[in-house]
Amino acid sequence: MPYEPKAIEPKWQAYWREHAVFAAKVDPDKPKFYVLDMFPYPSGEGLHVGHPKGYIATDVFSRYKRMRGFNVLHPMGWDAFGLPAEQYAIETGTHPRATTARNVENFRRQLQSLGVDYDWSREINTTDPRYMRWTQWIFRKLYERDLAYLAEVPVSWCPALGTVLANEEIIDGRSERGGHPVVRTAMRQWMLRITAYADRLIDDLDEVDWPEPIKKMQREWVGRSVGTRIDFELANGADETIEVFTTRPDTLFGATYMVLAPEHPLVEKITTPEQRSEVERYVEATARRSERARIADAKEKTGVFTGAMAAHPVTGAPLPIWIADYVLATYGTGAVMAVPGHDQRDYEFAKGLDLPIVEVVSGGDLSEAAYAEDGISVGSDFLNGLSTSDAKQRMTDWLEEHGKGGRAVSYKLRDWLFSRQRYWGEPFPVIHLEDGTTALLDESELPLLLPELDDFKPSGEFEPPLARSREWLETTDPATGAPALRDTNTMPQWAGSCWYYLRFCDPNNEQAPWSEEAERYWMPVDLYVGGAEHAVLHLLYARFWHKVFYDLGLVHTVEPFQKLLNQGMVLGYSYRYYDDNLAGAEGVEPAVYSSSEVRIDGETATAIEGGAELKARWVRAEDVQRDADRRPIHPDIPGLVLEEVTEKMSKSRGNVVSPDDVIERYGTDSMRLYEMFMGPLDKGAPWSDAAIPGVHRFLQRAYRLLVEETGGGERLVDLADGPGTPDQQRLAARAIHGVTEDIEAMRFNTAISKLMVFSREIGRDAALSREVAEVFLLLLSPFAPHLAEELWQRLGHPQSLAAEPWPTADAALLEESTLTLAVQVNGKRRDEIEVPADADDETIRRAALASPAVARQLAGREPKRVIVVPGRLVNIVS
RNA sequence: GCCGGAGUGGCGAAACUGGUAUACGCAGGGGACUCAAAAUCCCCCGGCUUCACGGCCGUGCGGGUUCAAAUCCCGCCUCCGGCACCA
């Protein structure tokens with residue numbers, strides 16, 4: 001019988017489960033290792049071959065660490081609140097709980113078929129009341145620490161969908177689904193004071209072993225900038241000041257006007273009657289435009305004069321106050337002092353509206369552009385002659401002395417909007433009293449469960465679905481018996497994923513979210529693997545919560561994730577064309593275009609001929625036909641050549657490959673091996689079915705190394721006793737050394753190639769010895785655990801190899817007795833020589849010069865220099 | 001525009017600290033085994049040139065540093081990802 005993964009793999013998956021081989025228990029006598037995957041949202045579509053890449057990598061590494069004597073924690077669970085289940089509920093009436101349960105079943109089955117060494121006894125689900133209870137408990141802690149507060153926040157409200165939309169759900173001011181209008185409006189919502197942790201979120205990045213680009217993105221997201229606050233008084237003596245933040249206080253003498261964001265609260269107050277109608281029109285127009293649209297025509301700067309004037313803090317000169325949408329209400333103070341000579345945006349605005357531009361830093365040419373670089377201050381009174389950095393100091397000191405400003409720090413980071421107007425999330429453990437105050441539910445009342453509904457749509461204007469259940473909504477204050485209302489918002493999906501790594505340490509605890517003992521033993525996460533798309537938000541939010549836990553004494557480390565790794569995306573080949581049926585209407589015959597007939601400009605596609613606006617369409621990869629030139633063509637539209645692109649796998653692109661199909665054909669071990677062999681873990685690569693037979697053949701060879709076919713059955717091959725021939729021992733030592741190094745560095749692709757070489761060479765000169773065969777199986781086992789276990793058992797071992805010690809290489813066997821050195825003449829390789837490993841430079845030099853190829857190259861010239869690089873080469877310079 | 005990452009055979013890739021460019025795998029070609037095919041095993045496989053030995057060129061492009069550059073430096077080009085007027 002040949003290698004039969006279908007017989008072997010389920011057998012070992014059952015064995016691991018039944019013998020609880022991967023169950024993790026606190027054991028103070030053993031070093032721990034906590035490996036974590038970013039847990040998935042169990043979508044209805046199931047896994048595609050891109051998802052498991054990270055899971056397989058953590059599996060390889062955790063199996064390796066276990067064999068190295070570590071007590072490994074490798075858990076899995078479900079981030080199961082979320083929009084798709086709710087949308088499905090709105091459409092079909094199916095309760096999200098039912099959808100979620102079904103999807104979890106399917107995901108668990110698929111993950112288990114990969115043979116990953118999860119400790120399934122620790123499985124968690126964020127929608128489980130036993131989990132949700134503690135998420136709400138954490139919210140109480142945040143509230144008690146004044147890190148959660150209610151605020152009126154502008155959001156994008158879509159009346160037709162009855163819900164608030166995120167920026168990415170809005171296209172051209174309309175909802176992505178359905179194309180309904182969206183308006184900006186203020187709503188009372190929960191906010192989390194993440195900005196209180198801004199400095200620590202930047203500074204503590206120095207503590208962790210993360211890819212530098214990710215750290216950088218996080219630092220920039222927090223966006224700390226150090227500068228000066230300046231107070232501008234109104235020129236008419238009104239009792240208002242405009243506060244401004246700037247990183248260039250040295251240019252204060254160059255300020256020729258002020259600009260407020262249209263949403264700035266002072267706009268209303270200071271606008272003069274003559275300007276009022278124009279200002280109101282502008283403010284209204286800005287509110288109607290989406291943030292995206294505002295950004296899109298950033299080049300054209302518009303604005304309106306308010307009629308009011310501010311006084312220059314030093315000279316007292318009047319500065320006209322404008323409003324313009326290039327000033328953002330959400331950054332700094334929502335107001336800027338405009339220095340058109342030295343800020344490009346102010347320059348463009350001033351040019352467009354004919355406002356004065358003055359030079360206060362020398363070095364540029366203001367007739368061309370603003371000069372934003374450093375220089376020497378000019379036309380700036382007491383700053384004249386100072387360098388930019390000295391002038392900044394001097395001006396800030398002056399402002400402090402005169403009570404008109406001072407040093408300040410500003411962040412890009414904003415507080416975290418923590419409410420969602422949805423059903424399928426954690427309800428807030430609070431009640432709202434009639435006097436307008438808010439009170440926390442007592443711990444004993446947790447979890448606060450969702451009301452049972454059969455209609456999940458929003459219940460009306462500004463009313464989330466939770467408002468549908470009056471009996472849930474209307475309650476009483478347990479303290480006073482007074483009537484009270486529950487909060488109709490739910491928490492965002494982030495809530496559950498912000499602390500799940502802590503729950504995994506102690507998933508069944510009913511007294512606390514986790515015990516101190518478990519946290520002290522398992523934390524921090526030693527290796528965290530997931531997609532780079534979570535580089536900023538998830539990791540920043542989780543770090544924020546962790547720091548709060550630290551301040552509460554609930555965790556003992558400042559940072560949760562010690563080492564982070566982003567797996568590259570598995571891409572799929574998709575096949576694209578275009579048509580002019582923009583709305584996707586049915587029953588029409590759209591004009592179709594091949595990509596060569598289409599012009600792409602940003603996000604819009606137009607026909608080169610005729611200029612009609614077009615939309616991209618995809619043909620499912622399995623439906624694509626080929627013409628005589630092997631070009632991909634449309635199956636139904638004759639002659640339409642498709643464009644082959646490699647992009648992210650998704651259902652809409654028709655390029656999804658399911659692991660179920662791959663496992664059915666080749667087995668899990670082959671799929672695992674292929675995913676690790678494709679290339680470096682952190683690099684993206686297109687999935688290719690055609691390459692799998694290569695690794696599958698390797699596993700077949702591995703199987704035949706130990707099992708031979710007889711007439712009707714099979715038997716173990718005859719193995720030599722003892723450690724094997726000297727050659728075999730050397731090969732084994734080298735394989736152990738190389739594979740170990742590669743796994744430590746997470747270079748799984750090269751580890752596998754070393755295993756391929758090892759298996760090919762090992763039986764070449766003599767019968768395989770038992771010891772060498774065992775080394776091979778142990779090295780193979782993290783990658784192809786099912787096959788390795790099977791063969792290990794056939795060698796007569798009654799126990800799983802999961803707990804076997806990892807082999808070690810005998811250092812003496814790694815040393816070579818002779819070395820092959822390349823011989824170069826003037827840097828070009830001309831020959832090679834064989835020398836004893838301990839040969840001295842003089843011997844090597846003589847051997848190299850004795851080479852006939854060298855003599856031919858030198859053609860009688862004397863070598864000027866001979867460079868001997870130990871163990872590598874000899875370079876003769878002539 | 002800014003920030004990050006990457007460009008090496010027909011393809012996925014390797015070369016770890018500057019030291020023999022293309023390991024390993026896919027596809028392709030040839031051979032062995034077979035009545036035949038599949039499977040398996042062995043060999044070849046960057047380009048140009050030479051009967052051959054060999055020679056020349058070659059890691060996106062152009063320069064540079066070095067005895068020696070895929071690797072370091074300067075200037076560009078292309079692709080992928082992220083961010084978007086941050087005062």
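Note that the structure is predicted; figures quoted are calculated from it, not measured. Proteins come first, then strands; the chains are lettered A, B, ... in the order of their sequence lines, and each starts at number 1.
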Query - Distance, rounded to the nearest Å, where A:Tyr666 contributes OH and B:G25 contributes C1' - result: 14 Å
Query raised in the report: Can you name the residues that form a ring pair (Phe, Tyr, Trp, His ring centres under 6.0 Å) with A:His312, not counting sequence neighbours?
Result: A:Phe253
Query - Integer-rounded Å distance: B:G12 P and A:Met678 CE - result: 11 Å
What's touching nucleotides 51-53 of chain B from the protein side, N or O pairs under 3.5 Å?
none

Query raised in the report: What nucleotide among B:A87, B:A13, B:C41 has an atom nearest to a side-chain atom of A:Lys683?
Result: B:A13
Query raised in the report: Hey, which of these two, A:Asp742 or A:Tyr674, hits RNA chain B nearer its 5' end, going by closest nucleotide?
Result: A:Tyr674
Query raised in the report: Hey, does A:Asn749 reach any base, or is it just sugar-phosphate, or nothing, if we go heavy atoms under 4.0 Å?
Result: sugar-phosphate
**Report entry** Rounded distance (Å) that lies between atom P of B:A87 and atom OH of A:Tyr411
**Finding:** 14 Å
**Report entry** Test side chain to side chain donor-acceptor pair (under 3.5 Å) applied to A:Glu243 - qualifying residues, sequence neighbours left out
**Finding:** none
Query raised in the report: Quick one: do A:Glu212 and A:Arg219 make a salt bridge, cutoff under 4.0 Å?
Result: yes
Query - Close side-chain approach of A:Glu708 and A:Val717, heavy atoms under 4.5 Å - result: yes
Report task. Look at all strands and tell whether A:Pro686 reaches a base, only sugar-phosphate, or nothing, counting heavy atoms closer than 4.0 Å. Result -> nothing
Query raised in the report: Do A:Gln700 side-chain atoms and A:Tyr3 backbone N/O form a donor-acceptor pair below 3.5 Å?
Result: no
Report summary line: Residues at least two apart in sequence or cross-chain that pass side chain to side chain donor-acceptor pair (under 3.5 Å) with A:Thr228, listed by chain then number, are A:Thr396
Query raised in the report: For A:Val208, does its backbone N or O pair with a side-chain atom of A:Lys215 as donor and acceptor, under 3.5 Å?
Result: yes
Query - CG-OG1 distance between A:Leu328 and A:Thr333, expressed to the nearest 0.5 angstrom - result: 11.5 Å
Query raised in the report: Hey, does A:Arg830 reach any base, or is it just sugar-phosphate, or nothing, if we go heavy atoms under 4.0 Å?
Result: sugar-phosphate
Extract from the structure each pairing of a protein N or O with an N or O of nucleotides 57-60 of chain B at less than 3.5 Å, listing the distance.
from, atom 1, to, atom 2, distance (Å)
B:C57, OP2, A:Lys828, NZ, 3.3

Query raised in the report: Does anything in residues 737-755 of chain A pair up under salt bridge (Lys or Arg N to Asp or Glu O under 4.0 Å), and if so which pairs, sequence neighbours excluded?
Result: A:Asp742-A:Arg747, A:Asp742-A:Lys754
Output a table of nitrogen or oxygen pairs between the protein and nucleotides 27-33 of chain B separated by less than 3.5 Å.
from, atom 1, to, atom 2, distance (Å)
B:A27, OP2, A:Arg697, NH2, 3.4

Report task. Assign each of A:Thr750 and A:Arg865 to its nearest nucleotide of RNA chain B by heavy atoms, then name whichever residue's nucleotide is nearer the 5' end. Result -> A:Thr750
Query raised in the report: Using the purine O4'-C1'-N9-C4 or pyrimidine O4'-C1'-N1-C2 torsion, is B:G9 syn (within 90° of 0) or anti?
Result: syn
Query raised in the report: Where are the stems of RNA chain B, defined as at least 3 consecutive Watson-Crick or wobble G-U pairs with both distances under 3.5 Å?
Result: B:1-7 with B:77-83, B:10-12 with B:24-26, B:28-32 with B:40-44, B:46-49 with B:54-57, B:60-64 with B:72-76
Query - Side chain A:Lys301 and base B:C85 donor-acceptor under 3.5 Å - result: yes
Requested in this report: With sequence neighbours left out, write down each residue that passes ring pair (Phe, Tyr, Trp, His ring centres under 6.0 Å) with A:His51, or none if nothing qualifies.
Outcome: A:His48
Query - Length of the line joining A:Trp322:CH2 and B:C85:P, which is rounded to integer Å - result: 22 Å
Report task. Give me the ring orientation class for A:Tyr331 and A:Phe245: parallel if the planes are under 30° apart, tilted from 30 to 60°, perpendicular past 60°. Result -> perpendicular
Query raised in the report: Roughly, in whole Å, what's the span from NZ in A:Lys412 to P in B:C2?
Result: 15 Å
Could you list, one pair per line, each protein nitrogen or oxygen that sits under 3.5 Å from a nitrogen or oxygen of nucleotides 18-21 of chain B, together with the distance?
from, atom 1, to, atom 2, distance (Å)
B:U20, O2, A:Arg829, NE, 2.6
B:U20, O2, A:Arg829, NH2, 3.3

Report summary line: Hits for ring pair (Phe, Tyr, Trp, His ring centres under 6.0 Å) against A:Phe349, two or more places apart or cross-chain, chain-then-number order -> A:Tyr257, A:Trp322, A:Tyr326
Report task. Not counting sequence neighbours, which residues clear ring pair (Phe, Tyr, Trp, His ring centres under 6.0 Å) with A:Tyr674? List them please. Result -> A:Trp687
Requested in this report: Figure out the CZ/P separation between A:Arg219 and B:C86, and round it to whole Å.
Outcome: 21 Å
Query raised in the report: Just how far, in rounded Å, is C1' of B:G4 from CG of A:Asn566?
Result: 12 Å
Query raised in the report: In whole angstrom, what separates A:Glu761's CD from B:C24's C1'?
Result: 12 Å
Report task. Would you indicate whether the side-chain heavy atoms of A:Phe677 and A:Phe783 approach each other to under 4.5 Å? Result -> no
Query - Pair A:Glu842 + A:Arg845: basic N to acidic O under 4.0 Å - result: yes
Report summary line: With the side chain defined as heavy atoms from C-beta on, A:Ala685 is closest, among B:C67, B:A14, B:G12, to B:G12
